[in-house]
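For ligands, and for the atoms within them, numbers begin at 1 and follow the listed sequence. Throughout, residue positions are numbered sequentially from 1 according to the sequence presented.
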Amino acid sequence: MVNVVGLGYIGLPTILMLGAHGVEVTGTDYNSELVDTLNHGRLSFKEEGLEALYQEAREHGVSFTTEYVEADVYIISVPTPYEEITKKVDASYVVSAVRSVLPVCAKGAVIVIESTISPGTIDTYIRPVIREYGLVIGEDVHLAHAPERIIPGNMIHELLNNDRTIGADDLIIGEKIKNIYSSFCQGTITVTSIRAAEMTKVVENTFRDINIAYANELARICHEQNLDVYEIIRIANQHPRVNILSPGPGVGGHCIPIDPWFLVGDFPSLTHVIKAAREVNDSMPEYVLSRVSEVMNECGIEDISRVGFYGLTYKADVDDVRDSPTLQMLSSLKRHLCGNRVKVYDPMVEKDIVPNQYHDLDIFLNAVDLVVILVDHREIKENMNKLEGKIIFDTRHICSMEGVYHL
Ligand code: SAJ
């Protein structure tokens with residue numbers, strides 16, 4: 001029996017995928033409200049195809065509980081933020097999940113950490129907890145690391161098709177875990193050491209962060225030079241060995257803005273590029289605000305309440321607002337005492353989470369003169385005609401009309 005611990009953005013699709021493919025699995029989360037929601041037929045976030053997968057998994061008997069249950073394999077999928085000052089991984093949620101399963105796990109159980117962790121986390125934080133508990137690693141319990149790679153917005157497809165990495169202390173355990181993931185994963189699954197798997201995951205997200213930072217820095221250079229950064233990137237990418245990503249209003253979500261810090265925290269004297277990239281990306285919301293005020297001056301808009309931010313989520317077509325550039329911009333404006341006056345709209349966010357939030361595109365557009373596009377949701381791409389007559393500052397490069405301001 002498999003027990004997935006942590007039923008958030010990664011744990012939930014994973015348990016549903018396992019269940020729908022006939023693996024005997026239960027899900028545990030200490031959040032009783034979330035468990036109730038899931039047991040009562042409702043999902044906790046939106047993702048294409050998740051609803052159908054949920055129905056299938058439920059038909060296979062998948063259930064959710066706040067209890068830690070006896071199992072042969074635990075898949076731990078809980079948050080791993082970083083510590084604000086040291087920038088090192090905050091492993092407290094993972095440690096606490098491991099502590100919770102140790103009293104109930106079957107002899108010889110495998111504890112698989114799926115959460116992203118910095119290289120060395122299992123050695124530093126997890127092994128001592130197990131030893132303290134009086135269990136012998138490699139006999140009473142085994143350890144593995146199976147970092148996820150799925151992208152919100154395309155989770156189901158990527159769960160099924162992406163290659164994966166599994167780190168384990170020995171090959172037999174690695175193969176055992178590989179078999180479980182193979183129940184649904186059609187990609188190649190590479191088995192390696194725990195340290196290598198830990199490092200690989202962080203390296204992947206850091207690569208993306210650095211590439212985006214490069215695009216963001218180019219956007220700023222091109223603006224100074226009166227050049228179109230998108231044209232430059234498009235032409236440069238025609239080179240067979242160049243693949244620059246897109247500039248944007250900042251890097252949000254719970255992965256890319258966090259994982260590179262793990263490396264900076266652990267290797268401060270060896271991470272100049274990684275740290276600089278983080279800082280460039282973190283400075284983008286502030287840069288976009290400075291550009292908004294440039295556009296306001298140029299267009300004679302004096303009243304910030306005539307400005308509308310389109311998009312609150314951290315990227316297109318997801319409902320996740322964690323670390324979103326828009327929220328960062330709003331809190332910066334609030335510090336400058338004008339935050340509550342900007343109008344905000346996002347079709348993916350049903351709840352009111354910020355002041356002056358609209359829930360109807362037409363009403364929102366009617367209430368503003370300048371629309372700042374911060375997220376390239378499908379909705380706005382399909383309703384470009386509604387932007388006619390508006391001043392537009394497009395940070396996602398989706399508007400091709402004349403007169404639009406770009407990054
Ligand atoms: N962004 C840009 N320009 C780009 C691409 C992205 O500004 O060209 C911004 C997005 O708007 C967003 C942020 O970066 O604010 C991050 O979005 P993302 O789509 O790059 O990544 P995530 O955080 O949704 O998912 C990443 C993925 N990692 C990689 O692509 C290397 C995913 O595969 C991981 O599973 C996930 O992190 C994770 O959980 O670690």
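The part of Lys201 lying near ligand 1 is the side chain, judged by heavy-atom distances below 4.0 Å. Only side-chain heavy atoms of Ile212 come within less than 4.0 Å of ligand 1; its backbone N, CA, C and O stay farther off. Neither the backbone nor the side chain of Met155 comes within 4.0 Å of ligand 1, counting heavy atoms alone. Only backbone heavy atoms of Arg149 (N, CA, C or O) come within less than 4.0 Å of ligand 1; its side chain stays farther off.
Ring planes of Phe364 and Tyr345: parallel class, angle under 30° (limits at 30 and 60°). Below 30°, between 30° and 60°, or above 60°: for Tyr54 and Phe64 the angle between ring planes is below 30°, a parallel geometry.
Counting only distance, with no hydrogens or angles, the side chain of Ser115 and the backbone of Val78 share a donor-acceptor pair below 3.5 Å. Panel note: side chain Asp394, backbone Cys399; a donor-acceptor pair is recorded below 3.5 Å. In this structure, the side chain of Ser324 engages the main chain of Leu312 through a donor-acceptor pair within 3.5 Å.
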Item to complete: For Arg149 and Glu158, run salt bridge (charged side-chain N to carboxylate O under 4.0 Å, His left out): C-alpha distance rounded to whole Å, both residues' side-chain angles, the deciding distance at 0.1 Å, then the answer.
Response: CA-CA 8 Å; Arg149 271 182 174 164; Glu158 294 209 352; over 6 Å; no

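Given atom 24 (O) of ligand 1, the protein heavy atom at minimum distance is Tyr314 OH, 2.6 Å. Given atom 39 (O) of ligand 1, the protein heavy atom at minimum distance is Glu148 OE2, 2.4 Å. For atom 11 (O) of ligand 1, the nearest protein heavy atom (residue, atom name, distance) is Arg396 NH1, 2.8 Å. Residue, atom and distance of the protein heavy atom nearest to atom 30 (O) of ligand 1 are Arg208 CD, 3.0 Å. From the protein, the heavy atom lying nearest to atom 26 (C) of ligand 1 is Ile256 CD1, 3.8 Å. When only non-hydrogen protein atoms are considered, atom 16 (C) of ligand 1 lies nearest to Gly252 O, 3.7 Å. Nearest protein heavy-atom neighbour of atom 31 (C) of ligand 1: Asn205 OD1, 3.2 Å.
A centroid separation of less than 6.0 Å is found between the aromatic rings of Phe45 and Tyr9. Under the 6.0 Å cut-off for aromatic ring centres, Tyr405 and Phe393 do not qualify, their centroids lying 6.0 Å or more apart.
Atoms of ligand 1 lying under 4.0 Å from any heavy atom of Ile150, numbered from 1 in the order shown and given with element: 32 (C), 33 (O), 34 (C), 35 (O), 36 (C). Near Lys315, with a cut-off below 4.0 Å to any heavy atom, the atoms of ligand 1 are 11 (O), 17 (O), 19 (O), 24 (O). Atoms of ligand 1 lying under 4.0 Å from any heavy atom of Pro152, numbered from 1 in the order shown and given with element: 24 (O), 25 (O).
With no hydrogens or angles considered, a side-chain donor-acceptor pair links Gln55 and Glu51 at under 3.5 Å. Side-chain contact annotation: Asp36 with His40, donor-acceptor N/O pair under 3.5 Å absent.
Results of the side-chain contact (heavy atoms from CB on, under 4.5 Å) test with Val2 over Val112, Ile15, Ile180 single out Ile180 as the only residue that passes.
Residue-ligand proximity: Met284 is placed with every non-hydrogen atom at 4.0 Å or more from ligand 1.
In this structure, Arg220 satisfies the cation-pi test against Tyr287, with its NZ or CZ atom closer than 6.0 Å to the six-membered ring centre and inside 45 degrees of the ring normal.
Considering Ser115, Pro247, Ser246, Ala213 only, the shortest heavy-atom separation from atom 4 (C) of ligand 1 involves Ser246. Nearest to atom 9 (C) of ligand 1 by heavy atom, out of Gly311, Gly248, Cys255, Gly250, is Gly250.
For the pair Glu204 and ligand 1, the shortest N or O to N or O distance does not fall below 3.5 Å. Not one N or O of Pro325 is nearer than 3.5 Å to an N or O of ligand 1, by distance alone.
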